[in-house]
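Okay, so here's the structure we're looking at.
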Amino acid sequence: MIIEQIKRSVRESLQNSFREMDISIDIIRSPQEFGDLCTTIPFKVAKILRKPPYEIADKICENISSGLFSSISVSKPGYINFTLSSDAWRMFLSELEAKGEDYYRKESNGIRFQVEFVSANPTGPLHVGNGRGGIIGDVLANLLSLQGFNVEREYYVNDAGSKMDLFAQSILYYYLLTFNKESSFPEDGYRGEYIKDIASDIAKSFGDKFINMDRKVALSEVKKIGKEMMIDSIKKSLEDFGVHFDNWFYESSLYESGELEETLRLFRNTPHTYEKDGAIWFKSTLFSDDKDRVLVRSTGEPTYILSDAAYHYNKWKRGFRRVVDVWGADHFGHIVPMKALIKGMGIPDDFLEIIIYQMVHLYEDGTEVTMSKHTGTFFTLEELINEVGKDAARVFFLLKSADTHLNFDINLAKSKSMDNPIYYLKYTYARLKGILREGDLRNISYSGAESLDLSTIQTQEERELMTSLIFVEESLNNAAKNYAVHEVPFFTIDLARKINAFYQKYRVLSPGKEMQGRLALVNASLIVLSILFDIMGIEKVERM
RNA sequence: GCGCCUAUAGCUCAACUGGAUAGAGCGACGGACUUCGGAUCCGUUGGUUGCGGGUUCGAAUCCUGCUAGGCGCGCCA
């Protein structure tokens with residue numbers, strides 16, 4: 001790929017000028033008057049050598065010999081500016097045309113990489129907050145996959161803890177109520193409408209069979225049925241949202257397989273556990289936690305700390321060497337304990353990375369609505385998708401960086417007048433397709449980059465478009481490196497803007513020497529847009 | 001009290017992780033097609049980057065002291 005080649009060329013000349021300098025090369029876009037691209041490498045070298053950046057830039061430039069650039073210059077404090085040559089353009093276009101949709105896909109690095117996300121308890125339907133986690137994980141997995149990782153997406157189903165018991169008790173309460181039997185409602189139980197729906201569904205399908213049953217047995221049955229229904233609903237929402245998982249991992253399977261005990265033994269064999277007040281503790285303070293954590297309660301019940309340890313140990317055993325967990329900010333407090341567990345098990349530090357996304361706040365009629373499964377007040381992901389459509393919903397979440405708080409206005413979402421650039425993107429793609437359709441009617445076709453006269457591409461709009469297309473490679477690198485999925489729609493919109501500026505000003509299908517060059521730009525834009533749409537998981541339309 | 005996130009144009013958000021004159025959309029105002037899709041394009045307007053210090057060639061970004069909001073700090077997950 002072209003940016004990769006540019007970096008290699010800069011690196012070579014850097015090391016020719018300054019032996020032993022091994023720093024990663026940055027390539028950024030230049031302001032218009034300074035060419036197409038530039039690097040700030042001289043500043044980095046200047047810091048190390050304590051010499052003026054301008055001198056260093058000059059020295060590096062002396063050693064750059066590359067057909068990729070038609071001109072190289074040094075400006076002000078020490079930038080090196082590059083103007084791309086027509087050879088560079090041709091290389092880019094040829095490779096893009098040859099590889100098509102696979103252009104940005106790097107060779108496999110053999111590393112198994114797991115992205116775990118959403119992982120909401122199956123005690124209720126997904127809400128809009130889960131949608132945020134869903135989009136972050138989904139797009140991140142797409143980005144990492146292009147970077148050459150062998151990526152798997154996983155949903156961890158927390159179906160073993162006390163929340164599930166509470167869930168079952170809540171359902172049973174409403175179930176009994178449908179038969180006019182009063183029972184005590186569990187403390188902090190779930191009161192959402194969906195609980196009542198499940199209860200009445202069970203009453204319809206199973207009749208009164210749970211009324212006289214032993215309460216323990218009834219609860220376990222009801223839990224199983226309710227869980228299935230909830231997971232079905234979650235799966236459907238995710239499917240409607242275009243989010244796909246390779247694997248659904250059940251917490252309960254850790255109990256059944258004996259891995260929970262295995263993990264406990266693992267800890268007991270280290271000096272990092274002790275017993276106190278009848279409970280088994282993990283000395284996580286040894287690993288920079290501020291308090292120790294309970295692995296097994298005094299009742300003998302394991303805590304989620306132990307099952308999370310077992311779960312991550314399982315990931316390690318399955319052969320993943322890099323794992324990203326995507327969590328909502330309400331789980332922030334669990335990061336330090338989780339990392340302590342990893343260290344405590346002797347797994348390398350860089351195994352686990354945790355991405356936190358900030359809370360989604362719901363507003364309706366100008367006031368904040370608290371989202372809670374316990375009180376049953378929330379706006380579901382399903383509702384959002386139904387109101388605004390899958391693609392608009394995806395882009396809506398995608399546009400905010402994970403660490404900003406997201407204010408979600410229900411009225412705005414329902415009005416469908418959401419300020420959403422999804423239509424701009426789709427329109428851009430469709431109108432380019434329109435050119436090709438029209439070209440077919442007029443028997444005009446693009447002849448390919450090899451035989452192209454690139455000297456006809458001269459105007460500012462065309463040049464900027466070409467550079468934008470070329471720079472997408474580096475934008476994808478940065479987004480993947482930073483785990484910053486929100487960058488994708490931003491630079492895609494930026495690209496679309498360049499396309500539209502070009503489209504508006506020049507006729508592509510007007511016979512003349514410029515025509516093939518412009519067709520090359522249209523063709524390349526379509527390929528790149530298509531790839532970016534796929535990464536974001538939004539549909540391409542030929543007509544709107 | 002401690003930890004993390006946030007504070008940038010009237011509003012919603014960016015800023016390639018320390019890079020060039022802080023940018024987009026929406027809003028407001030003014031322009032552009034007899035043509036391949038006007039769901040478009042071009043221009044104007046709009047800023048003490050929450051406040052005060054510091055670090056250096058260079059700070060929205062880093063260090064420090066504040067202010068305001070959010071989240072977390074269980075033998076809950």
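We name chains A, B, ... by the order of the sequence lines, and we start the count at 1 in each one.
With respect to A/D22 and A/R11, a salt bridge is recorded, a charged nitrogen being found less than 4.0 Å from a carboxylate O. With respect to A/K7 and A/E474, a salt bridge is recorded, a charged nitrogen being found less than 4.0 Å from a carboxylate O. With respect to the salt-bridge test (charged N to carboxylate O, under 4.0 angstrom), the residues A/R29 and A/D26 do not qualify. We find that A/K498 and A/E461 are not joined by a salt bridge, their nearest charged nitrogen and carboxylate oxygen being 4.0 Å or further apart. Between A/E116 and A/K315, at least one side-chain nitrogen of the basic residue sits less than 4.0 Å from a carboxylate oxygen of the acidic one, meeting the salt-bridge criterion. A/K283 and A/D292 are not joined by a salt bridge, as no carboxylate oxygen comes within less than 4.0 angstrom of a charged side-chain nitrogen. A salt bridge links A/R268 with A/E275: at least one charged nitrogen is closer than 4.0 Å to a carboxylate oxygen.
Glycosidic conformation, B/rU17: syn, with the torsion inside 90° of 0.
Side-chain proximity of A/S30 to B/rA20, B/rA39, B/rC36: nearest is B/rA20. Checking B/rG70, B/rC57, B/rA77 against every side-chain atom of A/S162, the shortest atom distance belongs to B/rA77. You'll find that the side chain of A/Q504 is closest to B/rU40, out of B/rU40, B/rC75, B/rG74. The side chain of A/H405 lies closest to B/rG70 when the candidates are B/rG19, B/rG70, B/rC73. Each of B/rA20, B/rG69, B/rC36 was ranked by its minimum atom distance to the side chain of A/V508; first place goes to B/rC36. Which of B/rG37, B/rC75, B/rA39 sits closest to the side chain of A/V294 comes down to B/rC75. Among B/rC75, B/rC36, B/rA20, the nucleotide with an atom closest to any side-chain atom of A/W281 is B/rC75. Closest to the A/R497 side chain, of the nucleotides B/rC36, B/rU40, B/rG25, is B/rG25.
Separating the C1' atom of B/rU44 from that of B/rG27 is a span of 14 Å, rounded to the nearest Å. B/rG47 and B/rA7 are spaced 15 Å apart, taking the C1' atom of each and rounding to whole Å. Here, B/rU67 and B/rA77 have their P atoms 36 Å apart, quoted to the whole Å. B/rG54 and B/rA59: their C1' atoms are spaced 12 Å apart (whole Å). Rounded to the nearest Å, the gap between the P atom of B/rG52 and that of B/rA60 is 13 Å. Look at the P atom in both B/rC63 and B/rU56: the space between them is 16 Å, to the nearest Å. As rounded to the nearest Å, B/rA9 and B/rA24 have C1' atoms that lie 11 Å from one another. Comparing the C1' positions of B/rC66 and B/rG25 gives an interatomic distance of 34 Å, to the nearest angstrom.
Side-chain atoms of A/D36 and A/T83 form no donor-acceptor pair, as typed in the model, at a separation below 3.5 Å. A donor-acceptor pair shorter than 3.5 Å cannot be found between the side chains of A/Y250 and A/N158. With hydrogens and angles left out, the side-chain atoms of A/H331 and A/D325 include no donor and acceptor closer than 3.5 Å.
For A/Y506 and A/K276, each mapped to the nucleotide of RNA chain B holding its nearest heavy atom, the one lying further toward the 5' end belongs to A/Y506. Between A/L436 and A/N478, it is A/N478 whose nearest contact on RNA chain B lies nearer the 5' terminus.
In the region residues 329-338 of chain A, proximity to RNA chain B at under 4.0 angstrom, judged on heavy atoms, holds for A/A329, A/D330, A/H331, A/F332, A/G333.
Residue contacts for A/A479: at a heavy-atom cut-off of 4.0 Å it reaches no nucleic acid atom on any strand shown. Looking at heavy-atom distances under 4.0 Å, A/Y427 makes contact with a base. Nucleic acid contact class of A/P31 (heavy atoms, under 4.0 Å, all strands): base. Using a 4.0 Å heavy-atom distance criterion, A/Q32 is classed as making no nucleic acid contact. When heavy atoms are screened at a 4.0 angstrom cut-off, A/N81 is found touching base atoms of the nucleic acid. Residue contacts shown for A/E542 include a base, since a base heavy atom lies under 4.0 Å away.
The nearest whole Å value for the distance from the CE atom in A/M359 to the P atom in B/rG69 is 19 Å. Rounded to a whole Å, the NZ atom of A/K505 is 18 Å from the C1' atom of B/rG38. Remark: P of B/rU55 and NZ of A/K47 are 14 Å apart, rounded to the nearest angstrom. In this entry the distance linking CG of A/L398 with P of B/rC13 reads 15 Å, nearest Å. In this structure, A/L406 places its CG atom 16 Å from C1' of B/rA7, rounding to the nearest Å.
Both geometric conditions, a ring-centre gap below 5.5 Å and a plane tilt below 30°, are fulfilled for A/F34 over the base of B/rA20. A distance cut-off of 5.5 Å between ring centres, combined with a plane angle under 30°, places A/Y79 in a stacking arrangement with the base of B/rA20.
In terms of phosphate contacts, A/S401 brings no side-chain nitrogen or oxygen within less than 4.0 Å of OP1 or OP2 of B/rC5. Remark: A/K76 is in phosphate contact with B/rU21, judged by side-chain N or O atoms under 4.0 Å from OP1 or OP2. An OP1 or OP2 oxygen of B/rG74 is reached within less than 4.0 angstrom by a side-chain nitrogen or oxygen of A/K291. Look at A/T40 and you won't find any side-chain N or O under 4.0 angstrom from OP1 or OP2 of B/rG18. Proximity of A/Y424 to the phosphate of B/rC41: a side-chain N or O atom is located under 4.0 Å from OP1 or OP2.
Stretches of at least 3 consecutive Watson-Crick or G-U wobble pairs, with each checked distance under 3.5 Å, appear in RNA chain B as B:1-7 with B:67-73, B:10-13 with B:23-26, B:28-32 with B:40-44, B:50-54 with B:62-66.
The neighbour count for A/K505 NZ, taken as heavy atoms of other residues, nucleotides or ligands under 6.0 Å away, does not exceed 12. Under a cut-off of 6.0 angstrom, the local environment of CD in A/E187 is sparse, with at most 12 non-hydrogen atoms contributed by other residues, nucleotides or ligands.
With a 4.5 Å cut-off on side-chain heavy atoms, A/Y311 and A/F249 count as touching.
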